[in-house]
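As the structure is a computational prediction, the values presented were derived from the model and not from experiment. First the proteins, then the strands, lettered A, B, ... as listed; each starts at 1.
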There are 2 protein chains.
Amino acid sequence: MTMRVTAYDVAERAGVTQPTVSRALSGSPLVSDATRERVVKAAQELGYVINLNATRLRSGRTQVLAVVLIGREGERPTATNPFYFSLLGAIGAAAAEREYDLLVSFQHSADNFYADYQDARQADGMIVIGTTRNDEAWQYFRSRDHEGKAWVCWGAPDDDLRWVRSDNERGGQLAADYLYNQGRRKPVFVGSLEPGQRQFTERYEGFAEAWRKLGVEPHLVETDPALAREEQGARAIDALLSEGKDFDGLFAASDLIALGALDGLAKAGIAVPDAVSVVGFDGIRTGAYSSPPLTTIESDFDLAGRMLVKNVLGRIEGEPPESRRVPVHLVVRGS
Amino acid sequence: MTMRVTAYDVAERAGVTQPTVSRALSGSPLVSDATRERVVKAAQELGYVINLNATRLRSGRTQVLAVVLIGREGERPTATNPFYFSLLGAIGAAAAEREYDLLVSFQHSADNFYADYQDARQADGMIVIGTTRNDEAWQYFRSRDHEGKAWVCWGAPDDDLRWVRSDNERGGQLAADYLYNQGRRKPVFVGSLEPGQRQFTERYEGFAEAWRKLGVEPHLVETDPALAREEQGARAIDALLSEGKDFDGLFAASDLIALGALDGLAKAGIAVPDAVSVVGFDGIRTGAYSSPPLTTIESDFDLAGRMLVKNVLGRIEGEPPESRRVPVHLVVRGS
DNA sequence: TTGAAAGCGGTACCAT
DNA sequence: ATGGTACCGCTTTCAA
């Protein structure tokens with residue numbers, strides 16, 4: 001077990017002092033080219049790797065962003081909504097562009113809530129994403145949102161917290177337009193409009209508003225947000241059929257709900273898209289393989305990741321405030 | 001901007017010295033109950049949060065595990081195979097159980113390969129998961145696998161590296177048994193048997209061996225692993241049809257390939273499962289929504305995560321070596 | 001059981 | 001442009 005190589009070892013080999021090594025390797029303009037070269041060479045020869053804990057302790061900065069994925073209570077992290085996983089990927093890419101690492105944690109119940117990343121100097125900021133259904137979780141995070149905390153949410157249940165989200169109203173409009181252009185005139189919206197489901201409400205409003213302009217009031221099937229999303233979709237179909245409601249176009253508040261609806265329609269023998277057109281929201285990969293493939297409203301994931309990162313970093317580095325609405329577009333597949 | 005609260009402040013308030021605060025809060029048995037109580041109270045009142053960088057610098061341990069997700073070159077992290085994302089969730093849960101945090105990074109090309117987490121004291125160990133297709137990446141990681149490095153791979157292309165993986169042969173057997181029990185007698189395997197695709201080869205071998213015992217030699221359709229997986233599946237169907245091959249049971253090396261095959265079969269007007277039964281491997285969520293829902297071989301995600309974590313920690317903490325094969329089971333859906 | 005003192009390995013400030 | 005020195009906030013001996 002050889003001793004760890006420190007900046008002192010490098011300094012000795014390069015014939016300079018340790019602080020000079022620090023400057024040389026961190027790219028300080030104060031170091032002469034010749035010196036830097038010698039230092040870099042010495043560092044390479046010794047296989048020197050900087051100890052980031054020392055750097056962080058001294059500088060007070062970590063170059064780390066914490067990402068918290070809030071799940072439903074009792075849900076295993078493996079079952080995390082694929083949309084959030086994709087978002088995580090996008091955040092990772094955006095963070096890497098700005099030389100930040102990601103500290104990821106899956107939180108779902110009071111015994112593992114944790115938000116002290118900044119105080120503990122583990123991260124410079126935090127991005128919270130995940131289901132709005134976990135009231136306890138959001139209550140917890142809301143209580144920790146003090147002055148000086150750099151964080152941003154995706155999918156926050158209300159506007160207390162600083163957020164970035166999809167341009168949901170626009171998405172609703174796009175869905176309405178699509179259904180209208182498909183010749184549909186009896187539209188239904190499936191989803192929960194609970195106050196906590198801010199994003200869903202926005203989608204509904206964009207959808208309803210667009211239809212009203214066309215002289216149609218869309219039918220609303222409110223679902224129980226406590227249920228699994230797929231289940232919500234399936235039950236909505238049951239409800240529609242049992243009350244004998246006539247409909248030919250369906251917009252679901254999320255892809256998972258739409259997939260459940262697709263299932264329900266198939267079981268009831270209703271052809272999609274012949275009898276009913278279906279549009280989801282999220283653009284999850286799974287939708288591409290459903291039967292028929294799900295037409296959906298998709299947010300630009302990469303952009304969403306970049307906006308989230310930019311917003312936290314804005315709070316950290318005092319950058320100018322950034323746009324908070326992620327543009328959406330229609331993805332026409334088979335439904 | 002108030003000053004940060006340190007252990008010295010807590011010490012003063014509790015009427016002890018700073019090292020005693022450290023002992024009290026870290027649960028050292030050397031501290032008297034009375035003292036610990038006073039310290040804890042003082043810490044709470046001051047809102048003290050320990051600075052983990054100091055802890056880590058001094059102790060040399062981080063309580064962090066790095067997770068590297070290797071993607072295909074040029075692939076956006078958002079498009080990461082959902083199986084790996086689920087695995088990430090499982091690793092997160094398993095790590096949390098042992099009080100480790102996760103540092104996640106998405107790596108795909110030479111300009112962002114990085115494995116020095118231990119040297120930089122960012123993490124105590126590393127778990128590498130992801131496609132075996134990225135030769136450059138694996139070459140890089142192999143070159144960094146020196147004595148004293150604590151890490152474990154999922155999906156490593158060969159046995160040089162320490163690995164944990166599914167019980168692939170058993171999975172192949174299960175697939176064969178299932179098809180046989182469905183009355184199928186003309187089996188096909190679809191996937192790549194390149195040396196780098198270790199896991200696929202194992203699946204094929206388990207499958208072929210089981211059939212041979214039944215007196216049947218399964219037909220093999222080798223795919224081009226450079227293509228997207230779905231594409232591999234679709235093309236395999238094209239190939240089978242164009243050469244007029246007769247088959248009634250298909251086992252794909254992965255779910256994504258199976259989904260592609262399902263697509264191909266649908267386009268060719270071949271009924272699943274009436275004319276052909278299809279079995280995949282991985283248990284990705286998407287398979288549950290395909291048409292028909294994909295029957296598959298699933299590894300126990302949670303267990304896989306726990307085994308990966310246990311294996312790295314074994315290298316860190318000198319725990320006894322653990323089993324490296326994750327049990328699999330058949331998930332019968334509609335194909 | 002507690003205190004005193006050293007030290008982990010860097011960065012930042014002040015000289016020169 | 002470089003060196004000297006303090007210091008970030010803990011943990012870990014060693015003494016008492």
A.B. asks: Using the side-chain heavy atoms of Ala54(A), tell me which of these nucleotides is nearest: dC10(D), dG10(C), dA4(C).
C.D. replies: dG10(C)
A.B. asks: Could you check how far CG of Leu25(B) sits from P of dG9(D), rounded to whole Å?
C.D. replies: 16 Å
A.B. asks: Let me know, please, whether Ile50(B) or Thr35(A) comes out on the 5' side of the other along DNA chain D by nearest nucleotide.
C.D. replies: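 Result: Thr35(A).
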A.B. asks: For Gly15(B) and for Tyr48(A), locate the closest nucleotide of DNA chain C by heavy-atom distance; then report the residue assigned to the nucleotide nearer the 5' terminus.
C.D. replies: Gly15(B)
A.B. asks: Arg58(A) side chain: which of dG3(C), dA6(D), dT1(C) is closest?
C.D. replies: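 Nearest nucleotide to the side chain: dA6(D).
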A.B. asks: Send over the distance from Arg56(B) CZ to dT12(D) P, rounded to a whole Å.
C.D. replies: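 To the nearest whole Å, that distance equals 14 Å.
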A.B. asks: Whole angstrom is fine here: how far is it from CD in Glu12(B) over to C1' in dC10(D)?
C.D. replies: 17 Å
A.B. asks: Check the distance between dC7(D)'s P and Gln18(A)'s CD and give it to me in whole angstrom.
C.D. replies: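 In whole Å, dC7(D) P lies 16 Å from Gln18(A) CD.
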A.B. asks: Record whether the side chain of Arg23(B) comes under 3.5 Å of the base of dG3(C) through a donor-acceptor pair of N or O atoms.
C.D. replies: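 Result: at least one qualifying N/O pair found.
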A.B. asks: State whether Ser59(B) places a side-chain N or O below 4.0 Å from either non-bridging phosphate oxygen (OP1 or OP2) of dC10(D).
C.D. replies: no
A.B. asks: Under 4.0 Å between any heavy atoms, over every strand shown, what does Val16(A) touch: base, sugar-phosphate, or nothing? Just pick one.
C.D. replies: sugar-phosphate
A.B. asks: Taking atom CD as the centre, does Gln139(B) end up with more than 12 heavy-atom neighbours from other residues, nucleotides or ligands that are less than 6.0 angstrom away?
C.D. replies: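 Check fails, neighbour count at 12 or below.
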A.B. asks: By nearest heavy atom, map Thr20(B) and Leu57(B) onto DNA chain C; which one lands nearer the 5' end?
C.D. replies: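 With Thr20(B) and Leu57(B) compared, the 5'-side residue is Thr20(B).
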A.B. asks: Using atom CG of Leu30(B) as one end and atom P of dA16(D) as the other, report the distance to the nearest whole Å.
C.D. replies: 18 Å
A.B. asks: Is the cationic atom of Arg315(B) (NZ for Lys, CZ for Arg) positioned less than 6.0 Å from the six-membered ring centroid of Trp151(B) and within 45 degrees of its normal?
C.D. replies: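 Arg315(B) over Trp151(B) ring: no.
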A.B. asks: Taking OH from Tyr8(B) and P from dA4(C), how many angstroms apart are they, rounded to a whole number?
C.D. replies: 11 Å
A.B. asks: Hey, are Arg4(B) and Asp9(B) close enough for a salt bridge, meaning a charged N less than 4.0 Å from a carboxylate O?
C.D. replies: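 Not counted as a salt bridge, because no side-chain N and carboxylate O are separated by less than 4.0 Å.
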A.B. asks: In whole Å, what is the span from the CG atom of Leu52(A) to the P atom of dG9(C)?
C.D. replies: 13 Å
A.B. asks: Rounded to whole Å, how long is the line connecting atom CZ of Arg4(A) with atom P of dG7(C)?
C.D. replies: 18 Å
A.B. asks: Going by an N to O cut-off under 4.0 Å, is there a salt bridge joining Lys41(A) and Glu45(A)?
C.D. replies: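 Glu45(A) and Lys41(A): salt-bridged.
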A.B. asks: Let's see if you can work this out: which of dG3(C), dG4(D), dC10(D) has an atom nearest to the side-chain heavy atoms of Asn51(B)?
C.D. replies: dC10(D)
A.B. asks: Would you check if there is a donor-acceptor pair between the side chains of Tyr117(A) and Thr62(A) at a distance under 3.5 Å?
C.D. replies: no
A.B. asks: The side chain of Thr17(B) lies closest to which of these nucleotides: dA4(C), dC10(D), dT5(D)?
C.D. replies: dA4(C)
A.B. asks: Which nucleotide wins on minimum distance to the side chain of Pro19(B), given the candidates dT12(D), dG9(C), dA1(D)?
C.D. replies: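 Of the candidates, dT12(D) comes closest.
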